[in-house]
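Below: the structure, in structure tokens.
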Amino acid sequence: MQGFFCKGRCERDWCKANDDVCDCHAVLKSRGYQVPLDAPSAFARAGAAGWAASLGWEAASIPGWTPLRGEQLEVRPSSLAGAGRGLFARGALPGGAVLPYAGTLLTFAEVGERVRTPRMSYTWCPRSSAKAVKNMTQAELERGPAARDMAFCVDASGPGPDSPARFINGANALDQCGSVNVDICELGGVMYFRTRGEVAPGRELIADYGPSYWKGFRGC
Ligand SMILES: C[S@@+](CC[C@H](N)C(=O)[O-])C[C@H]1O[C@@H](n2cnc3c(N)ncnc32)[C@H](O)[C@@H]1O
């Protein structure tokens, strides 16, 4: 069922189609596309700090996938008031340009250590563990039976592998929603930012962080 139903959806848009119904990483791999490694495979190959470098995302070849190179981007003060630094396009970027959210992979206990600290602002969890993390108490995260299991959440606050994606700011009020120009996508348990359309030179990359990031703002 997944193969038949999801094949067209994932080939048309791996970002939007990859959900609880369609595992686009598995679907596209089975269709012969060159996909990046999934998070567990990258972790098995290179560990919690080195996993992102082993993804092979720059060499991936799937529809709607143009790898962003570091030199196409620059970090400077955000165009959004009070947002600190942001990530900007040096030159024009095409639609479908992707950048992984790299950082250190965390166990549930390590996620627990970050809850209510500034590092949590830089921590993202894949669908496979996000619900569990949300439903676990602090004690369960730190000392429960799953505490030492890999949650595959990513902390990009550093120190760790270089991750320009960590500088992508998010709309935090409705009047910033018009500036959103990148989607947050998941493939193989890895988060990728993807440009929605062409991004003009000098424009800041801005995402919609979703319904649970900001207090009092449920996303665009
Ligand atoms: C993943 S970081 C983005 C990079 C960050 N601006 C920096 O300088 O390192 C997310 C944090 O950036 C800030 N931020 C992102 N978008 C913002 C916005 N629209 N308004 C104010 N602060 C924002 C918040 O502190 C948020 O927790």
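In what follows, residues are counted from 1 in the order of the sequence shown. Just so you know, ligand 1 is whichever comes first in the structure, and atom 1 is the first atom listed for that ligand.
A salt bridge links Lys7 with Glu11: at least one charged nitrogen is closer than 4.0 Å to a carboxylate oxygen.
When the SG-SG distance for Cys185 and Cys15 is compared with the 2.5 Å cut-off, it comes out below that value.
For the atom pair CG (Asn169) and OG (Ser79), the distance works out to 8.0 Å, reported to the nearest 0.5 Å.
With hydrogens and angles left out, the side-chain atoms of Glu204 and Ser78 include a donor and acceptor closer than 3.5 Å.
Protein residues are said to neighbour a ligand when one of their heavy atoms lies under 4.0 Å from it; for ligand 1 these are Leu80, Ala81, Gly82, Ala83, Gly84, Arg85, Ser121, Tyr122, Arg166, Phe167, Ile168, Asn169, Gly170, Asn172, Gln176, Tyr209, Tyr213, Trp214.
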Run the numbers on Asp155 and Arg166 for salt bridge (Lys or Arg N to Asp or Glu O under 4.0 Å), then give the verdict. CA-CA 9 Å; Asp155 175 359; Arg166 61 160 277 176; over 6 Å; no

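For the pair Arg194 and Trp14, the distance from NZ or CZ to the six-membered ring centre is under 6.0 Å and the angle to the ring normal is within 45 degrees.
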